[in-house]
Number of protein chains: 2
Amino acid sequence: MLLHMAEIDGPVTSESLAGMMQTNPVVIRRILAGLRKQGLVHSEKGHGGGWRLAKDLETVTLYDIHIALGSPGVLALGHRTEAPGCLVEQAVNNAMGEAFDAAEALLLSRFREITLASLSRDFHQRMQHCGNPGH
Amino acid sequence: MLLHMAEIDGPVTSESLAGMMQTNPVVIRRILAGLRKQGLVHSEKGHGGGWRLAKDLETVTLYDIHIALGSPGVLALGHRTEAPGCLVEQAVNNAMGEAFDAAEALLLSRFREITLASLSRDFHQRMQHCGNPGH
DNA sequence: TTTCATGTAACTTAAAATATTACATGAAAG
DNA sequence: CTTTCATGTAATATTTTAAGTTACATGAAA
């Protein structure tokens, strides 16, 4: 969504973003409210209002966005009980926990290395290769 | 559940396993049916029947169990669309996909290194340290 | 032939994610 | 200043998914 906003100059309304993303404007506003709290976007009410990027694409990584979205859990797998009394379960949690932590750390470290600018460059390259205009 | 079964000699009924896991016997049977298909457990009907481990703990890894459970998705994050027409989304999917793949590969490779035997050893060590009998 | 256990389909319930409605707030246009 | 347009947000509804339950068939031992 941020990359789409980057292609448009001037503010973009949640309604038009909702059109692009095939969802409801309120869903867009809820998401962007989180991003605004982290200073990634900026919003204006009223006539001519809407949403605008607040940062240079070069300075925003997928990790920043992940944080702004509330650091949602990255793994679909997890412990059955967080602090089990059962000693079997404790052993399992301990072993699996290390694997989970390693996987999550790797994913987030990759996210830290992906900037919106690099994604934007990739997008523009794709634009060149196929004749397809519009995004 | 398999580790609990390892502590008991003789077959264990889905009802008693359901008691341990605080769930319904049918849920247990459904899960164990998958494990049986991979040869991890063995079941017997009728009087004195129940479930039994079919393999040595040393030869079973968390990865084997993961496969037997149907290789459920490991990540909570994913692509919005698998094969999007939108070029922005293609660029995003491409970059995130590499990160996803790396994280999943790492997690599964860790799973391959965790045997039930190692978990069982850890469990028995925990038994020693605290005075708590029973599992 | 009774009892007990698995095997499985069909159904129900519960939880979570997602979407919608409704209305308040604020800013620009006329 | 009042109409229009857009965000802000609470409350509600819908959808999807996972988990649990019921019901009954199958098969084995007592």
Side-chain angles (χ1 to χ4, degrees), chain A residues 1-2 4-5 8-54 65-66 68-82 84 89, chain B residues 1-2 4-5 8-54 65-66 68-82 84 89:
Chain A
M1 211 155 63
L2 298 182
H4 277 284
M5 287 166 65
I8 301 167
D9 54 306
V12 189
T13 66
S14 57
E15 190 170 344
S16 87
L17 287 169
M20 297 176 195
M21 306 301 287
Q22 313 211 55
T23 182
N24 191 288
V26 175
V27 173
I28 301 293
R29 282 180 225 150
R30 276 203 289 248
I31 293 170
L32 288 181
L35 302 200
R36 184 184 47 210
K37 208 174 296 177
Q38 297 294 316
L40 299 185
V41 298
H42 179 256
S43 70
E44 282 168 78
K45 286 182 173 178
H47 232 107
W51 300 87
R52 206 190 289 268
L53 290 179
I65 297 171
H66 181 258
L69 292 175
S71 308
V74 152
L75 298 177
L77 274 40
H79 299 325
R80 212 179 125 83
T81 313
E82 215 48 53
E89 203 173 340
Chain B
M1 210 153 63
L2 298 183
H4 277 283
M5 287 166 66
I8 300 166
D9 54 305
V12 190
T13 66
S14 57
E15 188 170 345
S16 87
L17 288 169
M20 298 177 193
M21 306 301 287
Q22 313 209 55
T23 183
N24 192 289
V26 176
V27 174
I28 302 292
R29 281 179 227 152
R30 275 204 290 245
I31 293 170
L32 289 182
L35 301 200
R36 185 186 44 212
K37 207 173 298 176
Q38 297 294 316
L40 300 185
V41 298
H42 178 255
S43 70
E44 283 168 78
K45 287 182 174 177
H47 232 108
W51 301 87
R52 206 189 290 268
L53 289 179
I65 297 171
H66 181 257
L69 292 174
S71 308
V74 152
L75 298 177
L77 275 40
H79 299 326
R80 214 179 124 82
T81 314
E82 216 49 53
E89 203 172 341

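Here is the naming used below: chain letters follow the sequence lines, and residue numbers restart at 1 for every chain.
The nearest pair of heavy atoms linking B:Pro25 to B:Ala18 is N-CB, 3.5 Å. Contact record, B:Gly49 with B:Pro11: O-CB, 3.8 Å, taken as the closest heavy-atom pair. Among all heavy-atom pairs drawn from A:Met5 and A:Val41, the shortest one is CE-CG1, 4.1 Å. A:Ala68 approaches A:Leu40 most closely through the heavy-atom pair CB-CD1, 4.0 Å.
For the pair B:Thr23 and D:dG20, the criterion of a side-chain N or O lying under 4.0 Å from OP1 or OP2 is met. Side-chain N/O atoms of A:Ser14 include one lying less than 4.0 angstrom from OP1 or OP2 on D:dT7. Using a 4.0 Å cut-off, no side-chain N or O of B:Thr13 falls inside it from OP1 or OP2 of C:dC4. At least one side-chain nitrogen or oxygen of B:Ser43 sits closer than 4.0 Å to the OP1 or OP2 atom of C:dG7.
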Strictly under 3.5 Å: I want the nitrogen or oxygen pairs between protein and nucleotides 28-30 of chain D, one per line.
none

Identify the pairs formed between an N or O of the protein and an N or O of nucleotides 10-12 of chain C at a distance under 3.5 Å, and give each distance.
from	atom 1	to	atom 2	distance (Å)
C:dA10	N6	B:Arg30	NH1	3.3

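For the pair B:Ile28 CD1 and D:dT21 C1', the interatomic distance rounds to 14 Å; values are reported in whole Å. Put simply, NE2 on A:His42 is 12 Å from C1' on D:dT7, counting in whole angstrom units. Atoms CH2 (B:Trp51) and P (C:dA5) sit 14 Å apart, rounded to a whole Å. When rounded to the nearest whole Å, the span between CZ of A:Arg29 and C1' of C:dT21 equals 11 Å. Taking atom CD of B:Gln22 as the reference point, atom P of D:dT21 lies 12 Å away to the nearest angstrom. In this structure, CD of A:Glu15 is placed 16 Å from P of C:dA19, rounded to the nearest angstrom. Across the protein-nucleic acid pair, A:Arg36 atom CZ and D:dT9 atom P stand 7 Å apart, rounded to whole Å. Going from atom CZ of B:Arg80 over to atom C1' of C:dA19 covers 12 Å, rounded to whole Å.
The CE atom of A:Met21 sits 8.5 Å away from atom OG1 of A:Thr23, with the distance rounded to the nearest 0.5 Å. Here A:Met1 contributes atom CE and A:Leu35 contributes atom CG; the two are 6.5 Å apart, rounded to the nearest 0.5 Å. Residue A:Thr13 holds its OG1 atom at 9.0 Å from CZ of A:Arg29, rounded to the nearest 0.5 Å. Here CH2 of A:Trp51 is found 9.5 Å from CG of A:Leu17. Values are rounded to the nearest 0.5 Å. Rounded to the nearest 0.5 angstrom, A:Arg36 CZ and A:His42 NE2 are separated by 9.0 Å. Taken from OG in A:Ser14 to CD1 in A:Ile31, the straight-line distance is 11.0 Å, to the nearest 0.5 Å.
Secondary-structure annotation of DNA chain D gives the stems C:1-30 with D:1-30, with a stem taken as at least 3 successive Watson-Crick or G-U pairs whose two distances both fall under 3.5 Å.
Counting heavy atoms from C-beta on, the side chains of A:Gln38 and A:Ile65 never come closer than 4.5 Å.
Between B:Asn24 and A:Ala33, it is A:Ala33 whose nearest contact on DNA chain D lies nearer the 5' terminus.
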Inset, instruction - List the steps and the verdict of side chain to side chain contact (heavy atoms under 4.5 Å, CB included) for A:Glu89 and A:His79. - result: CA-CA 9 Å; A:Glu89 203 173 340; A:His79 299 325; over 6 Å; no
